Amino acid sequence: MTFVLTEEQNMLKEAARDFTAEQLSLKYFREKRNAGANGKDPESWNSMAEMGWAGVLIPEEFGGSEFGYVGLGQVLEAQGRTLAPTPLLQTALIGVSAIVLGGSDEQKATLLPKIAEGKITTALAVDETAHHTPANTSLKAVATGGAFTLEGKKTFVANGHFADLFILVARTSGEPGDTNGLTLFMIPRETDGLTVTELNTLDYHGAANLTLDGVVVPNADVLGPVDGGWAILEPVLDRACIGLAAEMLGSSEAAFEMTHEYLQTRKQFGQLIGSFQSLQHRAAIMFSEMEQTRSCIAAALNALDQGSDDISELASLAKARASKLVHLVSNETIQMHGGIGMTDEHDSGFYIKRARVQEALYGGEGYHRERYADLLGF
Amino acid sequence: MTFVLTEEQNMLKEAARDFTAEQLSLKYFREKRNAGANGKDPESWNSMAEMGWAGVLIPEEFGGSEFGYVGLGQVLEAQGRTLAPTPLLQTALIGVSAIVLGGSDEQKATLLPKIAEGKITTALAVDETAHHTPANTSLKAVATGGAFTLEGKKTFVANGHFADLFILVARTSGEPGDTNGLTLFMIPRETDGLTVTELNTLDYHGAANLTLDGVVVPNADVLGPVDGGWAILEPVLDRACIGLAAEMLGSSEAAFEMTHEYLQTRKQFGQLIGSFQSLQHRAAIMFSEMEQTRSCIAAALNALDQGSDDISELASLAKARASKLVHLVSNETIQMHGGIGMTDEHDSGFYIKRARVQEALYGGEGYHRERYADLLGF
Amino acid sequence: MADGMDPALDAFRAETRAWLEENCPPSMRTPQTEDEVVWGGRREKFKNPESKLWLERMASKGWTAPTWPKEYGGGGLSKDENLILQQELKRIEARHALNSFGLWMLGPVLLEYATHEQKLKFIPDIVNGKIRWCQGYSEPGAGSDLAGLQTKCEDKGDHWLINGQKVWTSYADEADWIFCLVRTDTSVKHEGISFVLFDMESEGVEARPIKLISGSSPFCETFFNDVKVPKDQLVGRLNGGWEIAKRLLQYERSNISATGFGSARSGSPELPEIAKHYVGTTADGKLADADMRSRLADVMMADKAFKLTIARSAEQAKAGEEVGHTASIIKYAAAKLNQAKTEFTVEAMGAQGLGWEGEGYSEHELMAPKAMLRAKANSIEGGTSEINLNVVAKRVLGLKDHKG
Amino acid sequence: MADGMDPALDAFRAETRAWLEENCPPSMRTPQTEDEVVWGGRREKFKNPESKLWLERMASKGWTAPTWPKEYGGGGLSKDENLILQQELKRIEARHALNSFGLWMLGPVLLEYATHEQKLKFIPDIVNGKIRWCQGYSEPGAGSDLAGLQTKCEDKGDHWLINGQKVWTSYADEADWIFCLVRTDTSVKHEGISFVLFDMESEGVEARPIKLISGSSPFCETFFNDVKVPKDQLVGRLNGGWEIAKRLLQYERSNISATGFGSARSGSPELPEIAKHYVGTTADGKLADADMRSRLADVMMADKAFKLTIARSAEQAKAGEEVGHTASIIKYAAAKLNQAKTEFTVEAMGAQGLGWEGEGYSEHELMAPKAMLRAKANSIEGGTSEINLNVVAKRVLGLKDHKG
């Protein structure tokens, strides 16, 4: 079954929705925002790890539940509903995928149990310019006998402002633009020569820029083959796109529901605004887009669990459509709420701010449209 | 004044509207279509020439009125309203421009008076593949002492199925893609080695494919400098785009008016369909697009009369916006008319069929979007 | 239903397979061609004689309507048996023995609303393809507002007398009988409509084919001038036709939804191939026109998203989940998608996509603009996109009309 | 009006030029900076002392309101004289001496609707910038439906008593007086509205700034709790305020239409430059991202089409042609365009367009997302785009409402 959840997956979905609604509500998000948390919330992550969600993709032998991507997608969708800034995507999906796909037995045995317990969070450091173009990596890593020395910068590392461990892409050979010659390194936060600049982002989730000035990484912390990092990075980015798309679907759903509610309560000219045909049609069109995007994301999550050979196509499809959806819905949410939606005290603003970050991260609609064309060979 | 017509221009506009409404009505177009005319209608062209419209751009010394592009634009807009297939654009605008811009005194003296009198119609033969890319011209012209010999094909030559004289772009040096090395030739219809294949086009206007098999053109019939034809061709194509855009504006206007009328008469569910808000908004959006496109076309026509230095930008702007407009309006015309708009007996179909040809000719919205970016330097 | 779960079903599968092996003629296992499609009826010519044989054999078992009661000529199969039959037919790639509005639309409502006598009279000839039916719904003044129909049906004691006009009657010029909505009470709207059946050879019936902007079409204008109809040919309750009409529209829409528009047109080259052919490619194999490439990717993604949505809806329905929400947007999305695809094809073909007939164009090229034009009706026929969006807004999203 | 056509006007031009040369301080001929804009009023601080001088000198001639009658402090200029004044001001690139809702909106309606005494009392202080006005229109329950306002104004014999709440009151926290729509009859809708003026320092008035999604804003929520207003501060007829309100909205919209949104923000780099900077270019100077390049061209063309439309409308108006049709779509188009431009800027900046504050971003970069967010209000404020489209459909296209 591709599109129908199993009983266990449904239970996880319910649990995640209950948890985020209660413990990671928009009200809670607002309080944290007002307190200047900038997306840092270790307590909530501890609770999520206790629920087992840090280990949804981790093999049982390393302390996880090995429950799969469809399951994790349900949790990501739930946290997307309330815009909760958690390390779930970066750690439980991206970090774990990278280690499972590229890690040695020893690396797995050392790291995965700690991740499952919620003791370590990770962050993927890939982009170096304002736009996502992973093959353009130019940050240099030079082999110096038993170790590599890294020099350069990384920008907009999601979760980078609090992650314990960076999974960082560097160039060990070749030129920017080559997919050959990339290598993944694991670098603890407290490493000499690594400077982490915390960013206060639009969406109040935060992020970081990294500067590496003579950072020495022992060979033991190389993840996967030297020069062959693309073979891990690309599937990891596909997973990142699909997971993020699931989160975006949740955000779109919740913003749509809030708007739908408003259409049914707000009156103008003595009529519910939801009785005006032009708003009815626009709401129906949003609904149509949402239903179709949901199909793409479900198919992509399922393809990951099945190990299908069209994962990359589905990843770009899911991310492109989710970007389009969340853009449309976040704009319509404000327009249909009118003035109140423009005020900081209303939640509309949170959705549009988060939407623009979600859209850009790992490539927006335009990037994935181009990639889809590449993948389909035209 | 850029946007306000002079009294004389207004009189020409009125005259053209009256003429097309009476003598080139849609009813007349349908009769001709049913009779298989495929756009050929020499009688109407005689009448138009008698009105002086063949010579609107022709200098007075050669028998024209030298009334300018804004004036000609009014006539083109008027004939666009009733979709009239006439040689006006090809002859009075394109042919005359080419001869005025590139012709020798002798060529002007020979040809322009005949054109002004309606005795000669012309057709520009430029494209060789399915898409408009003039620099890609590959049809070869080889100098053979006192003459050139031409070999190759031209596709979709508008008016080519009845024109008396072809203005044809050929390559005298360089490679397809080069703007250098192009030369314009004037070739009478009855020339040895020239085969004209009449095309029955979607819009019932007709066109032709040309095959040149050892066609010999004397040096006297080269238009402008050998190898330097681009300097004439490019401004001629800009004029073609602007004139065609004026025609498209007329078509959009008339289709919009027909739809507007239907919105105010057709009832469903006991209500005029024009009272449904979603149709009201869509009608208002069409109107907004039309008003803005009108500004672009007026500015472009005026720039031609002024000899401004931004003619190319305005030409691409006008053609791109007109393509977008006529596409939108022709689709909405059918959708808002519902079933009746799908029937051949209704005029909706004529507008959409002509629209698709207008869009493609001399490059559609996509082509001119790209060209606009080129011209603006990004 | 996996094999080996139920011995009776296993036996049914074995019998079915054997029967099909023996009875499905060889040419009926080749891809269907347009001109060999069998619609049945008095004027069916069976261009391929094996089509006739195949229909007779299938009809003899009631397998053109496998789940209908045997009493009325149907196959009497259970759902599970029918599933097996369909699997076996697919296994040998058998053609449909019969295409028919009778099978798809009329039959199901007759089974639900007709009297025993009416069922006996009409259903067997639907199953065996002897009578071809057409549908008399739309009228010139009543498009989206179907219930605004005016075709008058008067009670003349021993017969009904029908006067009026229908439009968009598919194949009215080829059908034998019509099922038709008529007005039996002019004082109310929905409650004044009845559902009647009559022979298209009745005196006073005339069908004129409609020419579309895309060329000839199966649609007709159909005129009724003092048509006399026997009293026992009204189905269901007098003035109770609107309920039947709505049920029938559900069957019609689910037919469209199951496939999407235009997806049946197999054998035509894929959009990227068309674009590459007419636009050319760069040295690294990309479409030469970057602007068009982006838009093609958009269309391809919309296509994929739509197909996945169809698959999701089908799978969820199978699993017994509520799919009304998803299904509600499918016709709207299908129309939009098919319009985008056919428009893109015309644009990609450039000048070669602008021909109407005659020299200078291939057959594929001449089909492209006609397909684009025909697709404009996708957002009109079977409920306009506007009506579709109204329905989504009201029934799915629960938005109310203006009050007062 | 060409020079040399009218000797009196030539003389006026010469005098004006001479006066300006002498009286316009040097710093008032430099580009206006945001923090030196003069809004007038009791709390105006005149950050630049020459601003004060410039205002005093211009006001002394009535040239802050050049065409208003001298009797009320205006300049008393004819249209032609005013044209010359504006040309001469432009020639030396003089700053506006005074920006004020009083000048743009209230003054014109006072001239039309107020009594002579009211004019004498209020207009001179608008001209000289002594009193700064704000506008009390929208209410929380009445956004697009402005006439649904509930702020109560009761006749207490020797004064009006006002209770209620306004919202989106621009600069209410900085203004001295308010012009305000209030309900003087609850039994009817439009005919129960009056137009009153009162001092914001009156007891019972409170203004609280509204924080927007884009950050701080000039907007306030404004509360009226038993505010006593003298009887002679009601303008026009009791219950006749709706007519004044509509007239005033015309002045507001024509102000927006004259410039478009955001076009005042000068000095920021052009979109193509931004895109090239953040996205990079190919060897031949094209934007490296082909998909984005197409979309940028779209935005640039929309921008050009809009600007040409503004120019066309202005030129036609000058020539005395009917421009209502063109003008009607300008606010709608301006909002859409400004949203497209600000969205494109954010997208082009990529990760650098996603900052809110603090390290890692330039000032320009931090402005981009705030401008994008602020632009979302362009299709809400001053009449939503939905209302705007309704108006085009009904007034320009003549489409009717549902009947019955």
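For the numbers below, each heavy atom of this structure counts, side chains included, while hydrogens, waters and symmetry mates do not. Computed from a predicted structure; not experimentally measured. Here is how names work: the chains are called A, B, and so on, in the same order as the sequence lines, proteins then strands, and each is numbered from 1.
Taking CG of B:L272 as the start and NZ of D:K400 as the end, the distance is 8.5 Å to the nearest 0.5 Å.
If you measure heavy-atom distances from D:S294 to chain B, the contacts under 4.5 Å come from both the backbone and the side chain. The contact between B:R369 and chain D is made by backbone and side chain atoms together, counting heavy-atom distances below 4.5 Å. Both the backbone and the side chain of B:A283 have a heavy atom closer than 4.5 Å to some heavy atom of chain D. Proximity to chain D involves both the backbone and the side chain of B:A373, based on heavy atoms less than 4.5 angstrom apart. Of the two parts of B:F256, only the side chain, counted from C-beta on, holds a non-hydrogen atom closer than 4.5 Å to a non-hydrogen atom of chain D. In this structure, chain B has no heavy atom under 4.5 Å from any part of D:A275.
Within 6.0 Å of atom NZ in D:K370, more than 12 heavy atoms from other residues, nucleotides or ligands are found, so the atom counts as buried in its surroundings. Within 6.0 Å of CD in D:Q86 there are more than 12 heavy atoms belonging to other residues, nucleotides or ligands.
At least one donor-acceptor pair under 3.5 Å links the side chain of D:R293 to the backbone N or O of B:F378. Side-chain atoms of B:Q271 do not come within 3.5 Å of backbone N or O of D:H402 as any donor-acceptor pair.
Of the listed residues (B:A284, B:G270, B:S275), the greatest number of heavy-atom pairs within a distance under 4.5 Å of chain D belongs to B:S275. Counting heavy-atom pairs under 4.5 Å between each of B:A320, B:G366, B:G377 and chain D puts B:G377 at the top. Put simply, of D:K276, D:Q316, D:K403, the one with the most heavy-atom pairs under 4.5 Å next to chain B is D:K403. Contact count versus chain B (heavy atoms, under 4.5 Å) is highest, among D:T281, D:D298, D:L397, for D:L397. Taking B:H260, B:E365, B:Q277 one by one and counting their heavy-atom pairs under 4.5 Å with chain D, the maximum is reached by B:H260.
Looking at every heavy atom in both residues, B:Y372 comes nearest to D:A297 through CD2-O, 4.3 Å.
There is a side-chain donor-acceptor pair under 3.5 Å between D:R312 and B:S295.
Listed by chain and number, the residues in a side-chain contact (heavy atoms from CB on, under 4.5 Å) with D:D284 are D:T282, D:K286 (sequence neighbours excluded).
Side-chain contact between D:L308 and B:C296 is present, with heavy atoms from C-beta onward closer than 4.5 Å. For the pair B:H281/D:N390, a side-chain contact is recorded, criterion being any heavy-atom separation below 4.5 Å from C-beta on.
Within residues 285-294 of chain B, the residues having any heavy atom closer than 4.5 Å to a heavy atom of chain D are B:I285, B:F287, B:S288, B:E289, B:E291, B:Q292, B:R294, listed by residue number.
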Item to check | Criterion side-chain contact (heavy atoms from CB on, under 4.5 Å) on D:M300 and B:L376, from CA distance to verdict | outcome: CA-CA 9 Å; D:M300 295 304 289; B:L376 262 64; 4.0 Å; yes

